[in-house]
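So that the names make sense, note that chain A is the first sequence line, chain B the second, and so on, each numbered from 1. Heavy-atom basis, side chains included; hydrogens, waters and symmetry copies ignored.
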Protein chains: 2
Amino acid sequence: MAKIPGKPVRGSSSGRPIMVLFDVLGKRWTLRILWELHKGKAASFRDLQSKCDDVSPTLLNSRLKDLRALNLVVLDDEGYTLTREGVSLSRKLAPLDAWANEWAKSLDA
Amino acid sequence: MAKIPGKPVRGSSSGRPIMVLFDVLGKRWTLRILWELHKGKAASFRDLQSKCDDVSPTLLNSRLKDLRALNLVVLDDEGYTLTREGVSLSRKLAPLDAWANEWAKSLDA
DNA sequence: CTCCTTTGCTACACTATATGTAGCATATTT
DNA sequence: AAATATGCTACATATAGTGTAGCAAAGGAG
């Protein structure tokens, strides 16, 4: 069941876009799927599955449905790819990689 | 059970910092808690609960434990606050609000 | 001191979500 | 025709999240 901005979502009756986004990103594998698609261009269903540590097909399909409904991912001849919106979102997420590395260092110290 | 970068986490044996981050952000309420703390400075447990649509105390405590173990949140005299690392992470997340608004517009069109 | 309120938080029964394996139906390759 | 690869569903099991009640400790008021 996909959520569309403007409609209420889990834990927020407002339907504010940021809450809709948090709702979907707060589900397991969503961030990872976006991450893998961002790195590697188009991927088949099974490709994606193996990139995502062999996530179960049930859940992968469920997440892809969500992401397609939210216009972040599409399935075309090449396989699954990010839409324009999906690319722009993943660009916002990209800096988290460098951030996480610095963070990990600070945890060691 | 908190996860520390360098150790394997759900769905990733590598323990890469970004995967540890995705693991915790991919749990329900984590993004929301960071968001609310980012907006509103220190908050008591019960304050946070009401800001987060009355999330159950069980889960709120569980997430706060995770976030404290990962050095993103602390509890002091004032209540719960973001650490320096927590602030720097939430700054990376802040642009998502504007992004989500644009995204919502594009979905309407 | 006693009573009342607020704090962070736990217990527990219930529901929803995620996992893992098997395998189907269609399309393409050999 | 047989083999392979595709996206995906079924289903039983395990894990994660929810909601209500309430406890123990700390502080304030009388």
Gap between atoms [atom1] and [atom2], on [X] and [N] respectively (whole Å):
X: A/Asp76; N: D/dG7; atom1: CG; atom2: P; answer: 11 Å
X: A/Leu48; N: D/dT6; atom1: CG; atom2: C1'; answer: 13 Å
X: B/Ile33; N: C/dG8; atom1: CD1; atom2: P; answer: 14 Å
X: A/Lys27; N: C/dT17; atom1: NZ; atom2: C1'; answer: 10 Å
X: B/Phe45; N: D/dA24; atom1: CZ; atom2: C1'; answer: 15 Å
X: A/Leu60; N: C/dT17; atom1: CG; atom2: P; answer: 18 Å
X: A/Leu59; N: C/dT17; atom1: CG; atom2: P; answer: 11 Å

inquiry  = Suppose we screen for side chain to side chain donor-acceptor pair (under 3.5 Å). Which residues come up paired with A/Glu36, at least two apart in sequence or across chains?
reply    =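 A/Arg32, A/Lys39.
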ask   = A/Lys41 and A/Thr81: which non-hydrogen atoms are nearest, and at how many Å?
value =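 Minimum heavy-atom contact is C-CG2, 4.5 Å.
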request  = Please report the shortest heavy-atom distance between A/Leu70 and B/Trp103, naming the atom on each side.
outcome  =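 For A/Leu70 versus B/Trp103, the nearest heavy atoms are O-NE1, 3.0 Å.
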Student check: side-chain heavy atoms of [X] and [Y] closer than 4.5 Å:
X: A/Ile33; Y: A/Tyr80; result: no
X: A/Leu64; Y: A/Leu48; result: yes
X: B/Pro57; Y: B/Phe45; result: yes
X: A/Arg91; Y: B/Trp99; result: no

Heavy-atom donor-acceptor pair, B/Ser90 side chain to B/Leu93 backbone, under 3.5 Å =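 No, B/Ser90 side chain to B/Leu93 backbone: no donor-acceptor pair under 3.5 Å.
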ask   = Are the side chain of B/Arg16 and the backbone of A/Asp97 linked by a donor-acceptor contact shorter than 3.5 Å?
value =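 Not a single qualifying donor-acceptor pair exists.
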Please tabulate, one pair per line, each protein N/O and nucleotide N/O from nucleotides 2-4 of chain D that are separated by under 3.5 Å, including the distance.
none

Taking only N/O atoms, report every protein-nucleotides 19-22 of chain D pair under 3.5 Å with atom names and distance.
from, atom 1, to, atom 2, distance (Å)
D/dG19, O6, B/Thr58, OG1, 2.7

Would you say [N] has OP1 or OP2 under 4.0 Å from some side-chain N or O of [X]?
X: A/Trp29; N: C/dT19; result: yes
X: A/Asn61; N: D/dG7; result: no
X: B/Arg28; N: C/dA16; result: no

